[in-house]
Each structure stands twice: as C-alpha cells, then as structure tokens.
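Read through the structure below, which is laid out as structure tokens, and then see the notes.
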Amino acid sequence: MRIGITGASGLIGSALVTHLRQHGHDTVAFVRRATRSTAEISWDPGADLDPAMLSGLDAIVHLAGAGVGDKRWTDNYKRVILSSRVDGTRTIAEAMARSTDGPRVLVCGSAIGYYGDTGDRLTDETGPQGDGFLAEVVMQWEAAAGAAVDAGIRVAYARTGLVVSSEGGAWQRLFPIFRAGLGGKLGSGRQYWSPISLTDEVRALTWLIMNEIEGPVNLVGPQPVTNAEVTRVMGEVLGRPTIFAVPGFALKAVLGEFAQDTLASQRIDPAVLRAHGFDWRQPDIRSMIQTARAA
C-alpha cells in the first residue's frame, strides 16, 4: 500500500514510517515546505489542499498537531492546540472527499482525553464525552473529519493514551527524573493512567489501516494502572528509589490548567481492539517500561 502520513517527523509518526516500510509499504510524508522527493506532499494545514495531490494514495494517517504538554496552557497556546488539530483534520478530510482517485481510508489521530476524568470507572469507546478543555478539543477534532465520513470514506479515530517511550512525548520527561532518584507519585497516586507502548501504538495504527474498522478506537494497553503503580514499576525497572511525591498544588503551580489533566483518572478499556483480535506485544506496564528503557 501507499500510505500518506501527517506528523511523520513526530515520535509516533516517525516510528510508524519505519514500521510500515519494514512491512513492505510505501509512505508519503506531508511536509510544510517545498517537497524534496516523490515521497513527500507539501501542505498547509490551514489552507485548501488540492485533491489531485492525493492521487495514488491508499490511506492517510493524520497525526499532525501541537504538543499538548509542550508549553503552559495560556489562552493563546490553547488556541494553537485546538486549531492545529481541527484545521489540519478538516483540510485532509475535505481534500479526500473531493478526490476521485485518492485514499478511501483515514486513520485520524485522537486522544482518550475525550472521556475526561473517569475516576475508577472502566470506560470503553461507548463512554460519554467528559468535561474539560481536552474533551472539547477531541470532540471538535473528530468532528472536523465529517467531510470524509459524509463522502463514504472509512474513518477510524485513534484515541491514543499515554505512549510509553524514552525517545519523545510526555513519558520521555519521566525517565531522567526517575534515573536521578527524584521520581515519585503525582498527587494521591490513585488516579488511573492508560498507557500503550510505542511499539503497540504503531502496530495498532497499522491494524486500523488494514482492517475494516471505523469510528472511535481506544489505543491503550489492556491493563490500566494507577499512577502509584507506574511509580513503583519505574523505580524497580530503573533501580532507583521513588520516595518523592509531587503534591497536587505543586503541579498546579508549575503546569497551570494542564495539571488538572495530569491528576485526572482515566481508566480506559480498549474494547474495539480486543474484540477484533488485536494482540499486544507489551501488554503490561512493566514490559512497556522495560522496552522503552532499552530503546
């Protein structure tokens, strides 16, 4: 297959490119500059995209968007987070809808932030939209793909959880802290996290391309864990103490509004992946952390 990828230079996108090529597929990266080869398409997420540019593609995996945890959530940066997802998704979806010989599959990046704080409640893809900024972002993000859905294109929304990697993303920041012996639980530590290894993330995205699945799909591991358990396993795998705890008020002072999501509990069930026979290479938090450490 010939697969277009936005966000191809990011943590997940670059790993996906490698994975797809290793399995015999051609990849085409969407870039925000002049193209340098036939393996690139130049685009502007906030402008119309010529549907002819999509000719010959079998599918698109749309991952582009500003990092949620990269900066403090000022009003301006919150607008960047939202627009970078909504505008780009709308641009891709509308171009696909107008294309006569372009891709008929769109795997659209999304997030489990849709569900908000689920507490101890195990929540699958049928769960309701939660409260908060990220839940609203995800709702608008997925809705922006409406033109593709209306055109009969198969659209799967990859609601990704916390990707465990030492190479990028939010988890990358944890490794040096824990290696320095300064790691500890966040807040009470009772909040649930729903992680997935980078390996299984790209395998799941590939699985969504190849299988006739549409609608929301939770890309998380099969075993959500508490932050306290994550802290314990990180310490054990890295051989470091985890005596320091970060109180909620301190997180709020440093992170601002984003701290609410850091302290929120998301106990998410990957029901669609499980029901359709997806197998995880790293199904538990220990194997995820061990694999990330070795990368």
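Since the structure is predicted, the reported quantities are computational estimates derived from the model, not experimental observations.
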**Item:** Qualifying salt bridge (charged side-chain N to carboxylate O under 4.0 Å, His left out) pairs with a residue from residues 42-51, counting only residues at least two apart or across chains
**Value:** none
**Item:** Working for side-chain contact (heavy atoms from CB on, under 4.5 Å), residues Met234 and Thr242
**Value:** CA-CA 8 Å; Met234 282 285 286; Thr242 55; 5.6 Å; no
**Request:** With sequence neighbours left out, write down each residue that passes side chain to side chain donor-acceptor pair (under 3.5 Å) with Thr160, or none if nothing qualifies.
**Result:**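 Result, side chain to side chain donor-acceptor pair (under 3.5 Å) vs Thr160: Glu201.
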**Request:** Taking side chain to side chain donor-acceptor pair (under 3.5 Å) as the test, write out the residues that go with Thr6, two or more places apart.
**Result:**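 Counting only residues at least two positions away or on another chain, Thr6 forms a side chain to side chain donor-acceptor pair (under 3.5 Å) with His62.
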Return yes when atom [atom1] of [X] has more than 12 non-hydrogen atoms of other residues, nucleotides or ligands closer than 6.0 Å, and no otherwise.
{"X": "Arg281", "atom1": "CZ", "answer": "no"}
{"X": "Arg33", "atom1": "CZ", "answer": "yes"}
{"X": "Arg2", "atom1": "CZ", "answer": "yes"}

**Asked** Got a sec, which pairs hit side-chain hydrogen bond (donor to acceptor under 3.5 Å, both in side chains) with one end in residues 139-152, sequence neighbours left out?
**Response** Thr89-Trp141, Ser110-Glu142, Glu136-Gln140, Glu142-Arg159
**Asked** Can you say whether the rings of Phe278 and Trp280 are parallel (under 30°), tilted (30 to 60°) or perpendicular (over 60°)?
**Response** perpendicular
**Prompt:** For the side-chain contact (heavy atoms from CB on, under 4.5 Å) test, which of Ile41, Leu20, Ile60 pairs with Ile5?
**Reply:** Leu20
**From Val105, Ile12, Thr27, Val107, residue fulfilling side-chain contact (heavy atoms from CB on, under 4.5 Å) relative to Val61** =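 For Val61, the side-chain contact (heavy atoms from CB on, under 4.5 Å) check succeeds only for Val107.
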**Item:** Cluster check Val80, Phe133: I/L/V/M/F/W/Y, side chain < 4.5 angstrom
**Value:** yes
**Request:** Treating Ile, Leu, Val, Met, Phe, Trp and Tyr as nodes and any side-chain heavy-atom pair under 4.5 angstrom as an edge, say whether Val164 and Phe178 lie in one connected cluster.
**Result:**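 Both belong to a single hydrophobic cluster.
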**Under the salt bridge (Lys or Arg N to Asp or Glu O under 4.0 Å) test, residues paired with Glu214 that sit two or more places apart** =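 Counting only residues at least two positions away or on another chain, Glu214 forms no salt bridge (Lys or Arg N to Asp or Glu O under 4.0 Å).
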**Message:** Filter on ring pair (Phe, Tyr, Trp, His ring centres under 6.0 Å), then keep only pairs touching residues 84-127, sequence neighbours left out; what's left?
**Reply:** none
Tell me whether [X] contacts the main-chain N or O of [Y] through its side chain, where contact means a donor paired with an acceptor under 3.5 Å.
{"X": "Gln266", "Y": "Gly116", "result": "yes"}
{"X": "Thr118", "Y": "Arg267", "result": "yes"}
{"X": "Arg154", "Y": "Asn211", "result": "yes"}

**Message:** A side-chain contact here means heavy atoms from C-beta on lying under 4.5 Å apart; do Gln223 and Ile285 qualify?
**Reply:**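 No. Closest side-chain heavy atoms not under 4.5 Å.
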**Message:** For His25 and Met210: C-alpha separation, side-chain torsions, deciding distance, then whether side-chain contact (heavy atoms from CB on, under 4.5 Å) applies.
**Reply:** CA-CA 12 Å; His25 302 289; Met210 306 301 170; 3.3 Å; yes
**Fill in**
Of Thr199, Asp200, Thr206, the one forming a side chain to side chain donor-acceptor pair (under 3.5 Å) with Arg203 is Asp200
